[in-house]
2 protein chains.
Amino acid sequence: MNIRENIRPGGRSARVQASVHKAVRDLLSKMDRNEVTIPLIATEAGVTPSTIYRRWGDLQELLADVAVERLRPDAPPKDTGSARSDLEHWAEQYADEMASGPGRAMIRDVLSSVGADTRNAGKCCGYTREQVQAIAERARDRGEEFPDVETVIDEVVAPIMYRILFDDAPPTSAKVLSLVERLFPQRR
Amino acid sequence: MNIRENIRPGGRSARVQASVHKAVRDLLSKMDRNEVTIPLIATEAGVTPSTIYRRWGDLQELLADVAVERLRPDAPPKDTGSARSDLEHWAEQYADEMASGPGRAMIRDVLSSVGADTRNAGKCCGYTREQVQAIAERARDRGEEFPDVETVIDEVVAPIMYRILFDDAPPTSAKVLSLVERLFPQRR
DNA sequence: CACTTAAAAGCAAATTATTTGCTTTAGTGA
DNA sequence: TCACTAAAGCAAATAATTTGCTTTTAAGTG
């Protein structure tokens, strides 16, 4: 078979990507985000600035790329015994993480990259959907009632995110619980 | 009274601000947003780049400043006879405007400015709240039932915005109507 | 295991954007 | 009208970005 696949060499790629990502994370933890520049990242990562420019285009794209990685959940939602409490637990944690300083900064980075190709924001939304999906599936396996995933996104995730992004006050824990409550027809 | 108020001269300010804003709007309508640079804006506006750098700091802040202005509603929500239809009408229009190319770009600009001082995103949220408030007040004057403004934000505005920002598919008209429907206890 | 290939990295010069110190201009209040 | 000061202009210095060209390196091939 000799139709040349367009998988091409480019072997150092992974290594460079890893060291650049690490450099970004390190610098971001040490200094103010608008002091971080591409030449600085390049030096820290031990690569040439032009490498970064050519691979990522600009700082925004690079920051978005790093942020998406960091926003990827590292574990499925905790199993607390019932779907409702799984969701409560997950939503509170989600709200906390996203409302934190670094969380907000990462969301901003993701949203402000235009990257029509990369669809960064879409990826984040996808991670969230997967998490909710996992809770929903556990509910089904247990034979519990559980709302549609899209409904959970509309009624729990969206308000949390809207308040974090646009409002001065991030949602309190009580607020998050009340959002979840609306989804469950009757008492506990 | 001679305690010097800290209102200081700075008279050309308004004129410069107007011409810079106009230049930004004009350029944005003519070319791709990432071809727009501060030196270009400065030339178009007939000012010096350093003036812009000193007043706005960087391109993001300037774009955010212009975007906030443009996102300000120019009229109160249309009075269509009933609160529910006012809200339906307003929400559909809001969703359309925000989901459009320019709408999305403006939201992105607003969100990606850090401006801890300016609170750009907060202003936008404020405009939205005012619009919903106006509908709510009309409802009250007519003696109609109407949900709490914050509830409308959680259940209608937030899902619309979340889907526009994070999801690939902006909300359809039917989707928007179904969001409004949930807020009204029973049939029309 | 050479050896070829092409994507990705390095390098450096050219271009462009940003910052900064100093000077000038023009509203404002006396 | 005059003095005052915030904001604008100007230009030199610095920093970031782009670009053409060369070099390196992981794969795939024989």
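Residue numbers begin at 1 in each chain, while the letters A, B, ... track the order of the sequences.
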Peer 1: Can you say whether a donor on the side chain of A:Arg12 sits under 3.5 Å from an acceptor on the base of C:dA8, or the other way round?
Peer 2: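 Side chain to base: pair found, below 3.5 Å.
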Peer 1: Please compare A:Ser50 and A:Thr37 by the position of their nearest nucleotide in DNA chain D and report the one closer to 5'.
Peer 2: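 That would be A:Thr37.
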Peer 1: Do side-chain atoms of B:Gln131 reach the backbone of B:Ala75 as a donor and acceptor pair under 3.5 angstrom?
Peer 2: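 Yes; judged by distance alone, with no hydrogens or angles, the pair exists.
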Peer 1: Near DNA chain C, counting only heavy atoms under 4.0 Å, which residues of residues 38-47 of chain B show up?
Peer 2: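 Here the set is B:Ile38, B:Pro39.
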Peer 1: Classify the angle between the aromatic ring planes of B:Phe184 and B:Phe146 as parallel (below 30°), tilted (30 to 60°) or perpendicular (above 60°).
Peer 2: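 Perpendicular, since the angle between the ring planes exceeds 60°.
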Peer 1: Please report, rounded to the nearest Å, how far the C1' atom of C:dA17 is from the CD atom of B:Gln60.
Peer 2: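 The answer, rounded to whole Å, is 15 Å.
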Peer 1: In whole angstrom, give the distance that lies between atom CG of A:Asp58 and atom P of D:dT18.
Peer 2: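 These atoms are roughly 8 Å apart.
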Peer 1: In residues 20-30 of chain B, which residues come under 4.0 Å of DNA chain C by heavy atom?
Peer 2: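 Output list: empty, so none.
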Peer 1: Calculate the interatomic distance between A:Glu35 atom CD and C:dT19 atom P; express it in whole Å.
Peer 2: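 Rounded to the whole Å, the gap is 11 Å.
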Peer 1: Does any part of the side chain of A:Val16, heavy atoms only, come nearer than 4.5 Å to the side chain of A:Arg55, both counted from C-beta?
Peer 2: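 Yes - at least one pair of side-chain heavy atoms lies under 4.5 Å apart.
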Peer 1: In this structure, how many angstroms lie between the C1' atom of D:dA7 and the CH2 atom of B:Trp56, rounded?
Peer 2: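 Interatomic distance, CH2 of B:Trp56 to C1' of D:dA7: 11 Å.
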Peer 1: Under the rule for side chain to side chain donor-acceptor pair (under 3.5 Å), what residues qualify as partners of A:Arg108, not counting sequence neighbours?
Peer 2: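 Here no residue qualifies.
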Peer 1: Determine all donor-acceptor pairs shorter than 3.5 Å in which one atom belongs to a side chain in residues 30-41 of chain A; sequence neighbours excluded.
Peer 2:
unit_1	atom_1	unit_2	atom_2	d
A:Arg33	NH2	A:Asp109	OD1	2.6
A:Arg33	NH2	A:Asp109	OD2	2.4
A:Thr37	OG1	A:Leu40	N	3.2

Peer 1: Is it true that atom CD of B:Gln17 has more than 12 heavy atoms of other residues, nucleotides or ligands lying nearer than 6.0 Å?
Peer 2: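 Enclosed.
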Peer 1: Nearest to the side chain of A:Ser13, which nucleotide is it out of D:dT19, D:dG9, C:dA8?
Peer 2: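 Between D:dT19, D:dG9, C:dA8, the one nearest the side chain of A:Ser13 would be C:dA8.
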Peer 1: Could you work out, with salt bridge (charged side-chain N to carboxylate O under 4.0 Å, His left out) as the rule, every residue matching A:Glu92, not counting sequence neighbours?
Peer 2: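 Partners of A:Glu92 under the salt bridge (charged side-chain N to carboxylate O under 4.0 Å, His left out) test: none.
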Peer 1: Within the structure, does a side-chain N or O atom of B:Thr48 lie under 4.0 Å from either OP1 or OP2 of D:dG9?
Peer 2: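 Looking at the OP1 and OP2 atoms of D:dG9, one of them is under 4.0 Å from a side-chain N or O of B:Thr48.
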Peer 1: So does B:Arg54 get a side-chain nitrogen or oxygen closer than 4.0 Å to the phosphate oxygens (OP1/OP2) of C:dT20?
Peer 2: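 No, outside the criterion.
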Peer 1: Apply side-chain hydrogen bond (donor to acceptor under 3.5 Å, both in side chains) to residues B:Ser85 and B:Thr80 and explain how you reach the verdict.
Peer 2: CA-CA 6 Å; B:Ser85 80; B:Thr80 62; 2.4 Å; yes
Peer 1: Go through the structure and list residues passing side-chain contact (heavy atoms from CB on, under 4.5 Å) with B:Met106, not counting sequence neighbours.
Peer 2: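 If we apply the side-chain contact (heavy atoms from CB on, under 4.5 Å) test to B:Met106, skipping adjacent residues, the hits are B:Ala67, B:Arg70, B:Leu71.
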Peer 1: Return the value, rounded to whole Å, for the distance between atom CG of B:Asn34 and atom C1' of C:dT16.
Peer 2: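 It is 16 Å, rounded to the nearest whole Å.
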Peer 1: In whole Å, I'd like the distance from the CZ atom of A:Arg15 to the P atom of C:dG10.
Peer 2: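 Those two atoms, CZ and P, are 11 Å apart.
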Peer 1: Which part of the nucleic acid, if any, lies within reach of A:Arg55 when heavy atoms closer than 4.0 Å are counted: base, sugar-phosphate only, or nothing?
Peer 2: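 A:Arg55: backbone/sugar contact only, no base atoms under 4.0 Å.
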